[in-house]
Amino acid sequence: MALLHLHLLSDSTGETLEMIAKAALAQFDDAEVIRHFWPMVRSQQHLDRIVEELAANPGLVLYTLVNDDTRRRLEDRCRGLGLPHVAALDTVTAALEDRLGQQAKGRPGRQHQLDEAYFARVDAIQFTIAHDDGIAWEEWEEADILLAGVSRSSKTPTSIYLANRGYKVANIPLVMESPPPPSLFELRNPLIVGLTTAPTRLIQIRRNRLLSLNQETQTAYVDEEKVAREVAFARRMFADNGWPVIDVTRRSIEETAAAVIRLYNQRCERAKERPPQVGTKPI
């Protein structure tokens, strides 16, 4: 297997560049890639220090640098070292300039300005963290989305991912021995989505969790019959209340979140046509 050193240079947080690299690498199976992340590259002195690492670990260089001098210096050094280098946003930016009839503003981190959307995302993250794992159920009505599912069905990581997209998310673990609060079945505002998974996969995840905590792995938490009953219990609750269900067995967190967002957008579209339906019931 070929080893690739991938250098990511950005004059801002580098979040955009990381997402581009991640999406592109997902198209390659069993790729052994070592990522070198260099954010906030805004001076030639900083760049010169990085070039030493490029020479020590030659590979592919991806960059988003808007300062012409810093950018030219990087390109010159890459050519001198014989390193392939790609300006990740150039093609898209040039196409937009052509169609919009105006020149792009070369300002580092312009997409991360502290605008209204930024503060809304911060608010969503704070809300989601404060309403994880069934906490503060009295405030669930303020949520955009509520995720329900048995323990280790990816509720928390999916919630955090959605929060980073600007959605206020609460989540609740469904436990047969401890019924959820009655308010769950009276909510009007949030979209309630059930997350389910195959019992065999759930047992594997739970065992790994117990091992990471150095705890006993032969417990009811991973008992096959008990886990199967838990999953059936949750599925019955989802069906009885008409909540949409997403099977996360073979989905990544990103795929699950995308499915939730799609359901949320569909619900918003339907809400424009008719009043929201209420009347869910406990199991």
| field | Test item: D144 side-chain N/O and K168 main-chain N/O as donor-acceptor pair under 3.5 Å | value | yes

| task | Please assess T158 against R251 for the test side chain to side chain contact (heavy atoms under 4.5 Å, CB included), listing each intermediate value before the final yes or no. | result | CA-CA 11 Å; T158 303; R251 292 179 189 260; over 6 Å; no

| Are the side chain of S153 and the backbone N or O of K155 linked by a donor-acceptor pair below 3.5 Å? | no

| query | Among R229, E230, M237, which residue meets the side chain to side chain contact (heavy atoms under 4.5 Å, CB included) test with F233? | reply | M237

| task | Please step through salt bridge (charged side-chain N to carboxylate O under 4.0 Å, His left out) for the pair D76 and R79, ending with a clear verdict. | result | CA-CA 5 Å; D76 289 342; R79 280 191 288 268; 2.6 Å; yes

| said: Given P244, which partner from the list V260, I192, V193 fulfils the side chain to side chain contact (heavy atoms under 4.5 Å, CB included) test? | reply: V193

| remark: Correct closest heavy-atom pair for L147 and I145 would be CD2-CG2, 3.8 Å

| Cluster companions of V222 among Ile, Leu, Val, Met, Phe, Trp, Tyr (side-chain spacing under 4.5 Å) | V150, L202, I203, L210, Y221, V227, V231

| request: Just say parallel, tilted or perpendicular for the rings of F127 and H131, cut-offs at 30° and 60°. | output: parallel

| field | Non-hydrogen atoms of P190 and E141 that approach each other most closely | value | CD-OE2, 3.6 Å

| task | Quick one: sort the W38 and H7 rings into parallel, tilted or perpendicular, breaks at 30° and 60°. | result | parallel

| For E224, does the CD atom have more than 12 heavy-atom neighbours from other residues, nucleotides or ligands under 6.0 Å away? | no

| T128 side-chain N/O to I160 backbone N/O, donor-acceptor pair under 3.5 Å | no

| note | Between L4 and L60 the two heavy atoms that sit nearest each other are CD1-N, 3.9 Å

| Considering all heavy atoms of both residues, which atom of V169 and which atom of S159 are nearest to each other, and what is their separation? | CG1-OG, 3.4 Å

| said: Looking at S151, is its backbone amide N or carbonyl O close enough to the side chain of R206 to form a donor-acceptor pair, meaning the two atoms are under 3.5 Å apart? | reply: yes

| task | Check the surroundings of atom CE in M176: do more than 12 heavy atoms from other residues, nucleotides or ligands lie under 6.0 Å from it? | result | yes

| query | Given the rule in the side chain to side chain contact (heavy atoms under 4.5 Å, CB included) test, do L81 and V51 qualify, once you have shown the distances and angles that lead to the verdict? | reply | CA-CA 9 Å; L81 294 169; V51 169; 4.1 Å; yes

| Should we say atom CD of E138 is surrounded by more than 12 heavy atoms from elsewhere, each under 6.0 Å from it? | yes

| What are the two closest non-hydrogen atoms of A143 and N189, and how far apart are they? | O-ND2, 2.6 Å

| task | Walk me through it: do R201 and Q204 pass the test side chain to side chain donor-acceptor pair (under 3.5 Å)? | result | CA-CA 5 Å; R201 175 60 175 158; Q204 181 184 7; 3.1 Å; yes

| task | Run the salt-bridge test on R71 and D11 with the 4.0 Å N-O cut-off and return the result as yes or no. | result | no

| message | Please check this pair: side chain of N241 against backbone of W243, looking for a donor-acceptor N/O pair closer than 3.5 Å. | response | no

